[in-house]
Each structure stands twice: as structure tokens, then as C-alpha cells.
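Here's the structure, in C-alpha cells; my notes come after.
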Amino acid sequence: MRIGYPCINRTIDCTANRTFRLKSYSEARFIDSINNNLVCLRKILQFNLEHKLLFFRVSSDLVPFASHSINKFNWQKYFQKDFEEIGEFIIKNRMRISMHPDQFTLINSIKDEIFERSKNELHYHTEILDLMKLDTSAKIQIHVGGVYGDKEKSRERFVTRFGVLDDSIIQRLVIENDDKMYDLNDCLKINTQIQIPILFDVFHHKLNNSGNLKTAESFQLTAKTWNEKRDGVPMVDYSSQEPNGSPRQHSETIDIEDFDLLLKETQHFDFDIMLEIKDKEKSAIKAINLATKAGRIHNL
DNA sequence: TCACGTCAAGCAGAT
DNA sequence: ATCTGCTTGACGTGA
């Protein structure tokens, strides 16, 4: 089991997701931002190594406006060496990387132009991981998308659209159960039609679980959708409800008892877990201490 | 230096 | 009809 956190490290004063407004776009600004982000990404990964946090989600803002038509600059070539070096560091230290394009990436959209934009966005995400020379266990996670008044049809549209994506995208794409529309059952249905791995989100499943599937059962079902040789061990997202917060609000800090319970419920499974918790690496460090004591962290 | 309105992109559900 | 949340943060203008 690897433990990780998404995108931002609050301890070190360096962010790998610096961006700017479209209005203030210039090539100099663009290059400068990517440069900053790559420098910070290295520092964050170094921090993570020192704390044995071997799972990390790279921000979609690593290259701002990467899939936007305003950007004509060949950043892939310009930063090729930097990407390679970061990739070498990741591979050498047996780290794992994921990415999570944001809510505008919708492969089942009714509108073709939204699908086209989404393809470009997915292409950009694969480029990042390809430039780092990471194998296909480095994943890109998305939600199934919108319902558009007809879930059945929209699920079918996901399947059809998935089939026409580039192979380089297909190799990396995984779907995640969401908290409102497509729950684990829906994802499993899709998986019977196209062999796409399902990234299990523990918190979303608590909020949206039509099949009333228990934790261990859910881990078992999703684990089967990952081909270990091609995809690596399953990825899992974890959070818990913020006490006194609005419903669905991710907790500020880890609920260590809840996490302990999850470890017990999942003791027969191996997976990598991403803590979507606001205080980021702080909670991740608490989690890895607990998981280590529980004998769940083995040297990779 | 700081507050706060706003940010490329979409959807659903609440107000 | 408009606002809010989503993985939410941070840019950037005006004072």
C-alpha cells in the first residue's frame, strides 16, 4: 500500500499548480509558470520521499492552458528533459502518480464540441505522464459525466465515446464513482462493456450507493477491474465528512478512527490510497504512521 | 500589503 | 433565474 495526497503541499512554500488569467497570457508568462511548477513538483516529490509518501496526484494546472487554443508553444519539447528527470525520480523511488482532470472534462457530453475539448484535455494529461515515461499504472481518473435526463443513454454514450479515444488515453483512463450521479453500481455496469478500471472513492460511496454494497464487497468488486500487470494495484480515494460542516464537505483533518476502521475492513486487499483531506500531507503522515504500525506498508 | 471578486471549460440541485 | 459545489485554490485589481 502506498499513501498519498493530491496536488498541494502546505508545508513547503512551493506550489506545482501556479497559473494565471487567460487575459494575461504571454509566452514568457506561460514558460515561467511551467518552470516554477516543475521546480516545485521536484521539491514536493523529494518531501514525499522523505516521509515515505509514495503516491501523489499531479495538478492539472502543471501546464496552464495546455489544451487551450491560445497556446501554440511546444512546451513538450522545451521541457522534455525536466519531465524525464522527474519521471526517473518517480520510477527510481517506486512512486505512483495519478491525475484528475476537472469537471469540464466530459466524454459523455451531448455536445460534440465539449467531447472534442475533453479529448484534448485528456490528451494533455497523457502527454504529461508519457513525457515522464511512466508506465500505464500512472492513471488519469475522471467521473462518468452528466446524466442529461437519461442515465441509460448517457452511460451508453460514455461507452461509445470511450471506444474512439486514442489508445494512449485508453491505457491510462479510469472511472471513479461520484457522490451524486454515477455510483459504484453504474461504474460496474460500464466495466462489463469496456474493461476500464474503477477507482473506488470511499467517501462518495457513503453518499451514493444504490446497491447498498459494503466496504469489503466494494473493494473486491473494484479490485477485479484492475489488471495488475497493466494497471498496477487499484487506486482508492479516501475522505470523510467534516464534522459540523455542510454535507459532502471533505474533512479538514483526518478522522484517524475512521481510517483505522477502513484499514481493518480492507486488510485482505492491496491498493494505493489518496487522502482527499484539506490539510494534505499533514494527514497523510498521520495515516502512514498508522498504516505502518498496522503492518500495511511493505517495502516496494 | 491586503481584501475580495473572479477565474477556459459543465452539470445538477438548491435557492 | 441565479447560485453553489465539485479535488478547490489562487490570480490580480483596487485601495
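Since the model is a prediction, treat every value here as computed from it, not as a measurement. Note that these values count all heavy atoms, side chains included, but never hydrogens, waters or copies made by symmetry. Throughout, protein chains are lettered first and strands after them, A, B, ... in sequence-line order, and every chain is numbered starting at 1.
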Q) Is it true that a side-chain atom of Asp183(A) and a backbone atom of Ser210(A) form a donor plus acceptor pair closer than 3.5 Å? A) yes
Please state how far atom [atom1] in [X] lies from atom [atom2] in [N], giving the value in whole angstrom units.
{"X": "Tyr148(A)", "N": "dG13(B)", "atom1": "OH", "atom2": "C1'", "result": "15 Å"}
{"X": "Asn208(A)", "N": "dC11(B)", "atom1": "CG", "atom2": "C1'", "result": "15 Å"}
{"X": "Lys23(A)", "N": "dA8(B)", "atom1": "NZ", "atom2": "C1'", "result": "13 Å"}
{"X": "Leu22(A)", "N": "dA9(B)", "atom1": "CG", "atom2": "P", "result": "9 Å"}
{"X": "Ile114(A)", "N": "dA12(B)", "atom1": "CD1", "atom2": "P", "result": "11 Å"}

If you measure from the [atom1] atom in [N] to the same atom in [M], how many Å do you get, rounded?
{"N": "dT4(C)", "M": "dG5(B)", "atom1": "C1'", "answer": "16 Å"}
{"N": "dG5(C)", "M": "dG9(C)", "atom1": "C1'", "answer": "14 Å"}
{"N": "dA8(B)", "M": "dC11(C)", "atom1": "P", "answer": "13 Å"}
{"N": "dC3(C)", "M": "dT6(B)", "atom1": "C1'", "answer": "14 Å"}

Are [X] and [Y] linked by a side-chain donor-acceptor pair shorter than 3.5 Å?
{"X": "Gln195(A)", "Y": "Asn227(A)", "value": "no"}
{"X": "Asp135(A)", "Y": "Ser137(A)", "value": "yes"}
{"X": "Thr105(A)", "Y": "Glu121(A)", "value": "no"}
{"X": "Thr253(A)", "Y": "Asp279(A)", "value": "yes"}
{"X": "His205(A)", "Y": "Asn209(A)", "value": "yes"}

Inspect the contact between [Y] and [X] and indicate whether a charged nitrogen and a carboxylate oxygen are less than 4.0 angstrom apart.
{"X": "Arg161(A)", "Y": "Asp112(A)", "answer": "yes"}
{"X": "Glu156(A)", "Y": "Lys153(A)", "answer": "no"}
{"X": "Glu84(A)", "Y": "Lys81(A)", "answer": "no"}

Residue pairs meeting disulfide bond (SG atoms under 2.5 Å apart), one or both in residues 18-131 of chain A, sequence neighbours left out, come to Cys14(A)-Cys40(A)
Please identify each residue that fulfils side chain to side chain contact (heavy atoms under 4.5 Å, CB included) with [X], with sequence neighbours left out.
{"X": "Glu88(A)", "result": "none"}
{"X": "Lys111(A)", "result": "Ser109(A), Glu113(A), Ile114(A)"}
{"X": "Ile110(A)", "result": "Tyr148(A), Arg157(A)"}

The correct set of residues in residues 9-17 of chain A placing a heavy atom under 4.0 Å from DNA chain B is none
What residues 98-108 of chain A contributes to the DNA chain B interface at heavy-atom separation below 4.0 Å is Asp102(A), Gln103(A), Phe104(A), Leu106(A)
- Message: Please determine whether the number of non-hydrogen atoms from other residues, nucleotides or ligands lying under 6.0 Å from atom CD of Glu50(A) exceeds 12.
- Response: yes
**Q.** More than 12 heavy atoms of other groups within 6.0 Å of Lys286(A) NZ
**A.** yes
Check the orientation of Tyr124(A) and Trp75(A). Use parallel for under 30°, tilted for 30 to 60°, and perpendicular for over 60°. perpendicular
Its 5'-most and 3'-most nucleotides having an atom under 4.0 Å from a non-hydrogen atom of chain A, DNA chain C is contacted over dC6(C) to dG12(C)
For DNA chain C, consecutive-pair runs of 3 or more (Watson-Crick or G-U wobble, both H-bond-type distances under 3.5 Å) give B:1-7 with C:9-15, B:10-15 with C:1-6
Contacts under 3.5 Å, N or O only, protein and nucleotides 4-6 of chain B:
unit_1 : atom_1 : unit_2   : atom_2 : d
dT6(B) : O2     : Arg21(A) : NH2    : 3.4

Ranking Lys180(A) and Ser239(A) by the position along DNA chain C of their nearest nucleotide, the one closer to 5' is Lys180(A)
Per nearest nucleotide of DNA chain C, the residue lying toward the 5' end, Ser251(A) or Thr19(A), is Ser251(A)
So ring pair (Phe, Tyr, Trp, His ring centres under 6.0 Å) across residues 160-187 of chain A, not counting sequence neighbours, yields none
Residues of residues 60-78 of chain A with a heavy atom under 4.0 Å from any atom of DNA chain C, listed by number, are none
Taken in chain and number order and not counting sequence neighbours, the residues that satisfy ring-ring contact (aromatic ring centres under 6.0 Å, His included) with Phe269(A) are Phe219(A)
Q. Among the clusters formed by ILVMFWY side chains lying less than 4.5 Å apart, do Ile44(A) and Ile97(A) turn up in the same one?
A. yes
